[in-house]
Amino acid sequence: MRHALKLTGLAVATAAIVGACTHAGAPDEVAPVLTINEAMLNVFQPDFQNYGDTAFWAYDDNGELDGSLLTEEQWALMGEGAVALRDTALLLAASEHFVVAAPGVDLGFEGNGFVPPEQVQANIDANPDGFRAMMEAFAAEADLAVTAVETRDAALLVAQSDNLYNTCKGCHMAFWYPGQR
């Protein structure tokens, strides 16, 4: 239920972003409701944790993978997380325009090679199709994570945790902190 409400809010917010971008007036007449930073903080990070961290409970004390160790509640949590990740990535991929962060928002990682939100915005503005492609790739990986949960495939479940992480990292390396390792 919590994820359904969150995704409904994200859908409305994404529609507001798209609507704001197609508005005939001045660009700053209608402020977007959802930013990429908000999606990262409110969906991607917590729902990846729900999926990825929980998946590792499928290992026994000897390090052997055993999906039967996961409870129904854990499977449900991972399923909700994977669906939220997929659906949010699809919403972002369908956006016409991207807003990294609201004016004045500190992303919390500036300095030491990391760039401020204005530079992240410039990076995405310079390659919006690349950002869309990253969101589509992330959605595809999250869809496989949904399949792993639906089929109770522990090996795929754990593999998708790694794949989701690596897809996140690829986007971060391209847009959020290019040049970092």
Side-chain angles (χ1 to χ4, degrees), residues 3 5-53 80-146 159-181:
H3 288 288
L5 291 173
K6 186 188 313 183
L7 289 174
T8 300
L10 287 170
V12 169
T14 301
I17 290 172
V18 172
C21 296
T22 59
H23 188 273
D28 55 350
E29 281 184 28
V30 180
V33 177
L34 177 72
T35 66
I36 296 169
N37 187 51
E38 290 166 338
M40 288 174 59
L41 293 175
N42 298 323
V43 179
F44 290 129
Q45 193 280 328
D47 285 306
F48 175 76
Q49 293 300 125
N50 286 344
Y51 181 87
D53 287 356
E80 290 173 10
V83 166
L85 293 170
R86 178 196 63 204
D87 292 352
T88 302
L90 288 171
L91 285 171
L92 287 171
S95 295
E96 293 293 320
H97 176 72
F98 305 105
V99 176
V100 170
V105 168
D106 178 6
L107 299 180
F109 54 71
E110 289 87 5
N112 297 322
F114 298 99
V115 298
E118 300 80 19
Q119 184 58 53
V120 177
Q121 184 70 58
N123 294 342
I124 292 174
D125 288 347
N127 187 5
D129 290 336
F131 183 78
R132 261 185 218 92
M134 292 269 189
M135 291 297 99
E136 289 168 356
F138 188 80
E141 294 297 344
D143 195 49
L144 286 172
V146 171
Q160 285 314 110
S161 179
D162 289 341
N163 292 341
L164 286 167
Y165 173 80
N166 289 328
T167 304
C168 283
K169 185 176 178 180
C171 187
H172 289 195
M173 298 300 288
F175 297 103
W176 291 81
Y177 40 87
Q180 296 296 307
R181 292 185 180 247

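Heavy-atom basis, side chains included; hydrogens, waters and symmetry copies ignored. Counting from 1, the numbers follow the sequence of the chain as shown.
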Can you check whether Phe131 reaches Asp125 side chain to side chain, under 4.5 Å on heavy atoms? no
Could you walk me through whether Val146 and Arg86 pass side chain to side chain contact (heavy atoms under 4.5 Å, CB included), step by step? CA-CA 8 Å; Val146 171; Arg86 178 196 63 204; 3.8 Å; yes
Gln160 side, atom CD; Leu144 side, atom CG - distance, nearest 0.5 Å: 4.5 Å
One should read off an interatomic distance between Asn50 CG and Gln45 CD, to the nearest 0.5 angstrom, of 9.0 Å
Minimum heavy-atom separation for Ala89 and Phe138, please, with both atom names. CB-CD2, 3.7 Å
Trace of the side chain to side chain contact (heavy atoms under 4.5 Å, CB included) decision for Arg132 with Ser95: CA-CA 8 Å; Arg132 261 185 218 92; Ser95 295; 5.8 Å; no
Rounded to the nearest 0.5 Å, what separates atom OG in Ser161 from atom CD in Glu141? 11.5 Å
Taking all heavy atoms of Gly130 and all of Phe175, pick out the closest pair and write down the distance. C-CZ, 3.8 Å
Is there side-chain contact between Ile36 and Val99, with at least one heavy-atom pair below 4.5 Å? no
With side chain to side chain contact (heavy atoms under 4.5 Å, CB included) as the test, would you mind laying out the steps for His172 and Met134 before giving the verdict? CA-CA 10 Å; His172 289 195; Met134 292 269 189; over 6 Å; no
Atom CD in Glu118, atom CG in Asn123: separation rounded to 0.5 Å? 11.5 Å
Shortest non-hydrogen pair, Ala102 vs Thr35, comes out as N-CG2, 3.7 Å
Could you give the distance from CE (Met40) to OG1 (Thr88), rounded to the nearest 0.5 Å? 12.5 Å
Using a 4.5 Å cut-off on heavy atoms from C-beta on, say whether the side chain of Val43 contacts that of Phe48. no
Nearest 0.5 Å, what's the CE-SG distance between Met135 and Cys171? 4.0 Å
From CA spacing to verdict: side chain to side chain donor-acceptor pair (under 3.5 Å), Glu38, Asn42: CA-CA 6 Å; Glu38 290 166 338; Asn42 298 323; 5.9 Å; no
Can you find a heavy atom in the side chain of Leu164 that is under 4.5 Å from one in the side chain of Leu85? yes
With a 4.5 Å heavy-atom cut-off, do Val100 and Ile124 have their side chains touching? yes
What pair of heavy atoms forms the shortest contact from Phe98 to Leu92, and how long is it? CE2-O, 3.1 Å
Heavy atoms of Ala137 and Thr167 approach each other most closely as C-CG2, 4.2 Å
With no hydrogens and no angle check, is any side-chain donor or acceptor of Asn166 less than 3.5 Å from a backbone partner on Asp162? yes
In short, Asn37 meets Ala101 closest at the heavy-atom pair CB-CB, 4.2 Å
